[in-house]
Amino acid sequence: MQFLLHTDYLLQLLEDPKSLGKSWDLFRTRVYHGWVSPLSLPILQSESKSPKIGSYDLDDILSSLNILSVTANDVQESMNGGPSGLEDALAITLAKSYGLNGIVTASPDTVRSDDSISILQPEQLVAQSKENVSEKIKVPLLDIPASYPEILKPVEGGISKVVRSGRFILGSAVESLEKEIAEYCQSEYAVGVSSGTDALIIALMACDIGYGDEVITTPYSFFATAGSISRLGARPVFVDIDPDTYNINPHQIKEKITPNTKAILPVHLYGQCADMDPILEIAKTHNLKVIEDAAQAIGSEYKSRRAGSLGDIGCFSFFPSKNLGAFGDGGIVTTSSVQLYEKIKILRAHGSKPKYFHKWIGGNFRLDALQAAVVSAKLPFLEGWTKKRRSNAGFYTSHLKKLALSLPQEIFPRHIYNQYVVRVPGIRDNLRKYLQEQSIASEIYYPVPLHLQECFADLGFKSGDLPEAERAAQETLALPIFPELSMIQLETLVNAISNFLKD
Ligand SMILES: *Cc1c(COP(=O)(O)O)cnc(C)c1O
């Protein structure tokens, strides 16, 4: 839970820390996240000039808290109460618009609220924290605001810089991100694009794939993988998956190669790389391009090489549910070929170079500068998040391994667990319903394999043609794995699954 700490609470903390010991411990030890309004800071600074013996100093206090960002609009909205009420009115405005759980104040009479936000005294907060333990714990699939105490300051800093510069299309925000991502993904170049889907489209266009061409890919992925191939007039040729990794089975690729085959498009599904060595070898023998759909796999590794550096081109998505998400749509393409890099950059802006002279038919595939700034600000946290996802996965695996379900296998480290997917033959939908009843979210990625989608009926597939993909679609369930899951949430999930499987 997240609370705004009122100036009077913080002043009392400076003067008489003992009186607030128990409530302050909740924030100091990060059971709860505490926020402070910037209007409190000048007051606290002038009061903390003569610290009393045995009290906290202001830097100590602030190191456990985060400062809320205030927009001019927040201030304007809070002005109605008159100058004397500005501080409290702003606190209420901020607590509401950030969706905080309440305001903690040492003198409740000073804060007049309209009941739309709860005002708590320190003792009430301590009492509530004890009640919460017995309260029902919810486990969502993803909780984006849970990352705000960590990321909001640098992210909003990046956004403001772009807004204040007035440069919204490409420019330095996009260029910096491209350099950072190329380095992170161990490739020479990166080109920011409008989405993961457009990353796939532009990669296929850069490889001259079009009408009459065939691209070998997996039937068990997000729709964009095959949709992009078809949108260019080419034909997706589906090869069944390896049931342990859910990725394309490299041993079934060769038999699908025809004179029209132009490329192989493996997906690193759920955050684990496809078995790339045999794929790259087949591609070399038959002179095919390899395009990695690494939308779920930023930072994933295969034999110590990062996803996106293994094939000719890597395609990434910054969709908010990916491990590195923007505040909207975005994507990026990686390559180590200077020719492909130059071509992708030109295709990104309608194929024009110089401006208004068109060598190819490209499109508007540009990454928004605001999204680039958000992703750049979040990138320094990615390794830490990956560690947390891996440790959450380790917790699930160690607590679920004795039960009657199949757990994800890390065959090619490192798996970055964009999803933690279990297999529960026969009872998947019942398990999902049971979890839902306990307020635990889960998701099915993906209920219908691509070769059986209505829009691909003309490819002529029928049920039973790609049995492993079809079986996975029937049996798998993704459990919440995001980095900010608390220990209580992890335990709640493990207990619920144990209970279900025991009955
Ligand atoms: C998310 C995703 C995409 C598409 O990315 P968008 O940014 O949503 O367009 C493509 N392929 C896979 C495997 C994905 O998970």
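Both ligands and their constituent atoms are indexed starting at 1 by order of listing. Along the sequence shown, residues carry numbers from 1.
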In a simple table, one pair per line, please give the protein and ligand 1 atom names for every N or O pair closer than 3.5 Å, along with the distance.
{"from": "ligand 1", "atom 1": "5 (O)", "to": "S317", "atom 2": "OG", "distance (Å)": "3.3"}
{"from": "ligand 1", "atom 1": "7 (O)", "to": "G196", "atom 2": "N", "distance (Å)": "2.7"}
{"from": "ligand 1", "atom 1": "7 (O)", "to": "S317", "atom 2": "OG", "distance (Å)": "2.6"}
{"from": "ligand 1", "atom 1": "9 (O)", "to": "G196", "atom 2": "N", "distance (Å)": "3.3"}
{"from": "ligand 1", "atom 1": "9 (O)", "to": "T197", "atom 2": "N", "distance (Å)": "2.8"}
{"from": "ligand 1", "atom 1": "9 (O)", "to": "T197", "atom 2": "OG1", "distance (Å)": "2.5"}
{"from": "ligand 1", "atom 1": "11 (N)", "to": "D293", "atom 2": "OD1", "distance (Å)": "3.2"}
{"from": "ligand 1", "atom 1": "11 (N)", "to": "D293", "atom 2": "OD2", "distance (Å)": "2.8"}
{"from": "ligand 1", "atom 1": "15 (O)", "to": "Q296", "atom 2": "NE2", "distance (Å)": "2.8"}
{"from": "ligand 1", "atom 1": "15 (O)", "to": "K322", "atom 2": "NZ", "distance (Å)": "2.6"}

Review point. Partners of D143 by side chain to side chain contact (heavy atoms under 4.5 Å, CB included), sequence neighbours excluded?
Key: P140, P145, A146, F482
Revision key, fill the gap. Contacts satisfying ring-ring contact (aromatic ring centres under 6.0 Å, His included) that involve residues 458-478 (not counting sequence neighbours) are F238-F461, H451-F461
Review point. Does the ring center of Y184 lie less than 6.0 Å from the ring center of F316?
Key: no
Check your understanding: Below 6.0 angstrom between ring centroids: does that apply to Y270 and Y417?
Key -> no
Point to revise | Of all pairs that satisfy side chain to side chain donor-acceptor pair (under 3.5 Å), the ones with a partner from residues 307-316, not counting sequence neighbours | key: R305-S309
Practice item. Answer whether the closest heavy-atom distance between the side chains of L265 and L200 falls below 4.5 Å. Key: yes
